Number of protein chains: 2
Amino acid sequence: MHNKYNNEAKVFVAVDCIIFGFDPNAEELKILLIKRNFEPEKGNWSLMGGFMEPGETLKEAANRVLNTLTGLENIFLEQLKTFSIVDRDPAERTISVAYFALINVVDFKDELYRDFSATWFKISEKPKLIFDHNDMVTLAMERLRFKASVEPIGFELLPAKFTMRQLQMLYEEIFEEKYDKRNFSKKVNSFGLLKRLDEKDKSSSKKGSFLYEFDMEKYKKRSNGFQIRHQIMN
Amino acid sequence: MHNKYNNEAKVFVAVDCIIFGFDPNAEELKILLIKRNFEPEKGNWSLMGGFMEPGETLKEAANRVLNTLTGLENIFLEQLKTFSIVDRDPAERTISVAYFALINVVDFKDELYRDFSATWFKISEKPKLIFDHNDMVTLAMERLRFKASVEPIGFELLPAKFTMRQLQMLYEEIFEEKYDKRNFSKKVNSFGLLKRLDEKDKSSSKKGSFLYEFDMEKYKKRSNGFQIRHQIMN
DNA sequence: AATTATAATTGTAAATAATACATTTATTTT
DNA sequence: AAAATAAATGTATTATTTACAATTATAATT
């Protein structure tokens, strides 16, 4: 093989996707896993992944992998970390770049991922995964918590219209903490990014609860978005 | 070439290090750059980097690269992001994993990095860098700010004994903001991680200013360290 | 010996943000 | 008409953040 860096070794580069979804009915945060259909570790639970191809970037590879599984485009997708323990994949030296993705479970069509034996698991009930995929999920949860504390990513996980209760449940799932509903709604309203509609969802109570929408316009206008709060200073 | 994933392509994997240092005398945050000594882009300013070798992880590669340049061991080192634009390196398809490192400038011996024409630059005065190294530095600055707002990493950048003024200057450099010195010392003391010594530094004033040490023991005991503050909730 | 110059040290009041906590309201079902 | 259900809402207390300036210790100068 001829190249300019000819003393150096090449390796395989894979991407793996940690796909989070929120089920607004069950009010549970979930993760999408597949049964791996090739060796090694065929038949075991795994993150959805694939190899980076010559003409694409890592993010393009992750998007392709995600689209293959879900049929969805324009998914929230962010690089997490590259994993490189030497024998993480027993077959060949392969490093893997983990991406984490947020989707709205409701957008889903079951047929699309039937082929992969894909299943949504409650985070607390996920099975053991192959290779270092467990570490990837742990790190992704941390990142999800961090992101949720700094940016309004909750809206990536909810349907376009949602109730205050669903929003609160989502944050309670993410942070594994309970909040007072008076203080919660006070706080989220203070950001000024919620539009209350004149529409009610009556599925869960006799009174019905107002539906809200995320105000994407306003969010974009605040171009610097939410600012990281300095804990040491200011 | 024979392997189990034989439809897949292999690529070169490099690491590049964004090395931050704080000069406690000039009271400036700096970055360490080298003049690249091989093609392509020979002679231009660059981050210190190298290829990942078959038997090592990315972090081991980054540590090796850092040690080659500085002679230092046990440096604060954290993976930042993997860069993968297809033609980022015009010679060969190469992805690069950026690491950011924090060192104490005072620990340095000039001879060790003379070979690389390494130079400390004030962040605001850094030259244009090769490939996508400018993006790496920009991202590293953001990460530095984030880390500094969540963990007491300032101490990685200071000498073992430092003055309150130096600590404040460091944070002012990182955040590009000025702080009130009464509020600053009140705040950092409230964390309970500073030990004031019975020693004074008289180099900058007639009165002299107390020297402080970071209380590593106490920090480790608070095993969960500093907690990320939830901006959305609580 | 007294004065001056320099940066270090220190405190308090006001404003803002976070928390704790329980009753009333709208609607459907019985 | 009454009962049942979850939704909607407000206030007082506490904690945190901010704004702001006078005093102190020492070395250098007169």
Side-chain angles (χ1 to χ4, degrees), chain A residues 24-27 148-150 152 158-159 161-172 175-213 226-234, chain B residues 24-27 148-150 152 158-159 161-172 175-213 226-234:
Chain A
N25 301 311
E27 296 175 339
S149 71
V150 167
L158 288 165
K161 298 175 181 182
F162 50 86
T163 64
M164 186 59 75
R165 180 195 165 104
Q166 287 169 336
L167 184 62
Q168 179 168 351
M169 291 295 154
L170 170 57
Y171 279 90
E172 291 186 351
F175 291 109
E176 291 172 351
E177 270 188 285
K178 295 287 180 189
Y179 307 116
D180 177 274
K181 63 182 171 180
R182 286 162 292 187
N183 293 338
F184 182 87
S185 69
K186 214 185 302 173
K187 181 101 173 200
V188 295
N189 281 318
S190 78
F191 297 140
L193 296 176
L194 285 184
K195 280 190 294 203
R196 190 171 87 169
L197 306 177
D198 283 333
E199 227 177 309
K200 284 191 161 189
D201 173 315
K202 294 211 168 171
S203 64
S204 69
S205 81
K206 286 155 187 175
K207 185 177 179 181
S209 60
F210 283 108
L211 287 166
Y212 290 82
E213 267 181 0
F226 283 59
Q227 215 90 56
I228 290 171
R229 177 79 68 79
H230 305 160
Q231 176 146 350
I232 288 271
M233 226 352 78
N234 189 15
Chain B
N25 302 310
E27 296 176 339
S149 71
V150 167
L158 289 165
K161 297 174 182 183
F162 51 86
T163 65
M164 185 59 76
R165 179 195 167 106
Q166 289 169 335
L167 184 61
Q168 180 170 349
M169 291 294 154
L170 170 57
Y171 279 90
E172 291 186 352
F175 291 109
E176 291 172 352
E177 271 188 286
K178 295 286 179 191
Y179 307 115
D180 178 273
K181 61 185 169 179
R182 287 162 291 189
N183 293 339
F184 183 87
S185 70
K186 214 186 301 176
K187 182 99 173 198
V188 295
N189 280 318
S190 79
F191 296 139
L193 296 176
L194 286 184
K195 278 188 295 203
R196 190 170 88 170
L197 306 176
D198 284 331
E199 227 176 310
K200 283 192 161 188
D201 172 315
K202 294 214 167 168
S203 64
S204 69
S205 82
K206 285 153 189 176
K207 184 178 180 180
S209 60
F210 283 108
L211 288 166
Y212 291 81
E213 268 181 359
F226 283 60
Q227 214 90 57
I228 290 172
R229 177 82 66 81
H230 305 160
Q231 177 146 347
I232 290 269
M233 224 357 76
N234 192 12

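Source: prediction; values computed, not measured. Residue numbers begin at 1 in each chain, while the letters A, B, ... track the order of the sequences.
With sequence neighbours excluded, the residues that form a ring pair (Phe, Tyr, Trp, His ring centres under 6.0 Å) with Phe162(B) are Phe155(B). Qualifying side-chain hydrogen bond (donor to acceptor under 3.5 Å, both in side chains) partners for Asn189(A), counting only residues two or more places apart in sequence or in other chains: none. Lys178(B) meets the salt bridge (charged side-chain N to carboxylate O under 4.0 Å, His left out) test with Glu172(B); sequence neighbours excluded. A search for side-chain hydrogen bond (donor to acceptor under 3.5 Å, both in side chains) contacts involving Lys181(A) returns nothing, not counting sequence neighbours.
Put simply, CZ on Arg182(B) is 14 Å from P on dT18(D), counting in whole angstrom units. Met164(A) has its CE atom 12 Å from the C1' atom of dT9(D), to the nearest Å. Rounded to a whole Å, the NZ atom of Lys186(B) is 13 Å from the C1' atom of dT9(C). In this structure, the CG atom of Leu194(A) is 15 Å from the C1' atom of dA8(D), given to the nearest Å. Distance Lys178(B) NZ to dA19(D) C1': 18 Å, rounded to the nearest Å. Rounded to a whole Å, the CE atom of Met169(A) is 11 Å from the P atom of dA6(D). Between the P atom of dT6(C) and the CG atom of Asp201(B) lies a distance of 18 Å, rounded to the nearest Å. For the pair Lys181(A) NZ and dT19(C) C1', the computed distance is 17 Å after rounding to whole Å.
Considering all non-hydrogen atoms of both residues, Ser205(A) and Gly208(A) come closest at OG-N, 2.8 Å.
Atom CG of Leu197(B) sits about 10.0 Å away from atom CZ of Phe210(B), to the nearest 0.5 Å.
Over its full length, the helix from dA1(C)-dT30(D) to dT30(C)-dA1(D) turns its helical axis through 10°, comparing axes from the five pairs at each end and rounding to 10°.
Scanning atom types as modelled, one donor and one acceptor separated by under 3.5 angstrom connect the side chain of Asn183(A) and the base of dA20(C). Applying the 3.5 Å distance criterion, the base of dT19(C) shares no donor-acceptor pair with the side chain of Lys187(A).
For dA7(D), one of the phosphate oxygens OP1 or OP2 lies less than 4.0 angstrom from a side-chain nitrogen or oxygen of Arg165(A).
The closest donor-acceptor contact from the side chain of Gln168(A) to the backbone of Ser185(A) lies at 3.5 Å or more, if one exists at all.
The stretch residues 202-212 of chain A touches DNA chain C through Lys202(A), Lys206(A), Lys207(A), each having a heavy atom under 4.0 angstrom from the strand.
Listed by first and then second residue, the salt bridge (charged side-chain N to carboxylate O under 4.0 Å, His left out) pairs that reach into residues 192-203 of chain B are Lys161(B)-Glu199(B), Lys195(B)-Glu213(B), sequence neighbours excluded.
Using a 30° and 60° split on the angle between ring planes, Phe175(A) and Tyr179(A) fall in the perpendicular class, above 60°.
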